[in-house]
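None of these values were measured; they are calculated from a predicted model. Just the heavy atoms: all of them, side chains too, but no hydrogens, waters or symmetry mates, feed the values below.
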Amino acid sequence: LGSLTAAGDIKVTDGTGGISVQDIAANAGGANITVSSTGSGANITLGSISGGSVDSGLGNVTLNAGGALSSGNASISAGSISLAAGSGLLSFGGALDATSGALSLSNSGGGIKTGALTASGALSLSAAGTVNTGAIQAASVDAQNSGGVAVYGDITSPGLVNVATKGANL
């Protein structure tokens with residue numbers, strides 16, 4: 001797809017194939033963006049993700065891929081953010097900022113690579129492969145990986161910080 005722009009919520013789904021969208025903009029305060037393609041190996045590739053209004057940013061951003069999930073250097077700022085991949089790499093080069101809630105990153109079949117991660121609520125990260133993130137700032141941090149080296153930027157939290165890796169170096 002080319003660019004998607006709406007004056008409200010945006011939802012893009014595909015049950016078996018992949019999804020590629022150039023840019024997504026949900027231009028209403030509290031608007032939600034959902035992109036889901038859960039078929040085995042169904043990859044999602046995105047350009048920029050933006051929206052909200054002068055008075056209120058995006059509500060929730062949920063991206064769920066059966067395969068890899070990627071966006072070059074796109075940053076996301078929304079109330080809460082949930083990103084999940086089933087294989088391959090979950091890769092966002094820009095910052096991810098959950099301004100009023102949780103930030104969740106999960107890859108059950110591969111690694112995670114991101115820029116800075118910020119959440120006013122809890123941050124959870126789970127990967128079956130290598131992890132490489134920028135700085136992390138959240139109310140609490142639970143970061144787990146089980147299949148490769150984990151490299152995190154500076155971690156700052158007033159709450160519990162639980163970082164673990166199985167089978168490789170931290």
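In terms of heavy atoms, Ser37 sits closest to Ile19 at CB-CD1, 3.8 Å. Nearest heavy atoms, Gly30 versus Ser56: N-OG, 3.4 Å. The two residues Ala7 and Ala28 have their closest heavy-atom pair at O-CB, 3.3 Å. Shown here for Gly101 and Ala119, the closest heavy-atom pair between the two residues is O-CB, 3.8 Å. Shown here for Ala6 and Asp9, the closest heavy-atom pair between the two residues is CB-O, 4.1 Å. Heavy atoms only, all atoms of each residue included: Ala139 and Pro158 are closest at O-CD, 3.9 Å.
Annotation: the span from Asn162 atom CG to Ser124 atom OG amounts to 11.5 Å, rounded to 0.5 Å. Rounding to the nearest 0.5 angstrom, the gap separating the CG atom in Leu117 from the CZ atom in Phe92 is 11.5 Å. Rounded to the nearest 0.5 Å, atoms CD1 (Ile81) and CG (Leu105) are 8.5 Å apart. In this structure, Leu83 CG and Ser106 OG are separated by 10.0 Å, a value rounded to the nearest 0.5 Å. Between the OG atom of Ser108 and the CG atom of Leu90 there is a distance of 10.5 Å, given to the nearest 0.5 Å. Atoms CD1 and CD, from Ile155 and Gln137 in turn, are 12.0 Å apart once rounded to the nearest 0.5 Å.
Checking Thr118 against Asp97 by side-chain atom types alone, no donor-acceptor pair falls below 3.5 Å. One side chain, Ser80 or Asn60, offers a donor N or O that lies under 3.5 Å from an acceptor on the other.
The backbone N or O of Thr99 lies less than 3.5 Å from a partner atom in the side chain of Ser120, making a donor-acceptor pair. Put simply, the side chain of Asn73 never gets that close to the backbone of Gly94: no donor and acceptor are under 3.5 Å apart. With hydrogens and angles ignored, the 3.5 Å screen pairs a side-chain donor or acceptor of Ser75 with a backbone N or O of Ala95. Asp154 places no side-chain N or O within 3.5 Å of a backbone atom of Ala135 that could act as its donor or acceptor partner. In this structure, the side chain of Asn132 does not engage the main chain of Lys113 through any donor-acceptor pair within 3.5 Å. Here the side chain of Asn64 pairs no donor or acceptor atom with the backbone of Thr38 at under 3.5 angstrom. Ser71 contributes a side-chain N or O that, together with a main-chain N or O of Leu46, makes up a donor-acceptor pair within less than 3.5 Å. Remark: side-chain polar atoms of Ser157 are paired, donor with acceptor, to backbone N or O of Ala138 under 3.5 angstrom.
For the side chain to side chain contact (heavy atoms under 4.5 Å, CB included) with Thr133, the qualifying choice from Leu125, Leu96, Leu123 is Leu125, the only one to do so.
Not a single side-chain hydrogen bond (donor to acceptor under 3.5 Å, both in side chains) links Ser82 to another residue, sequence neighbours left out.
Ile76 is listed as a side-chain neighbour of Leu63, based on a closest heavy-atom distance under 4.5 Å.
Taken together through direct or relayed side-chain contacts under 4.5 Å among Ile, Leu, Val, Met, Phe, Trp and Tyr, Leu89 and Ile44 form parts of separate hydrophobic clusters.
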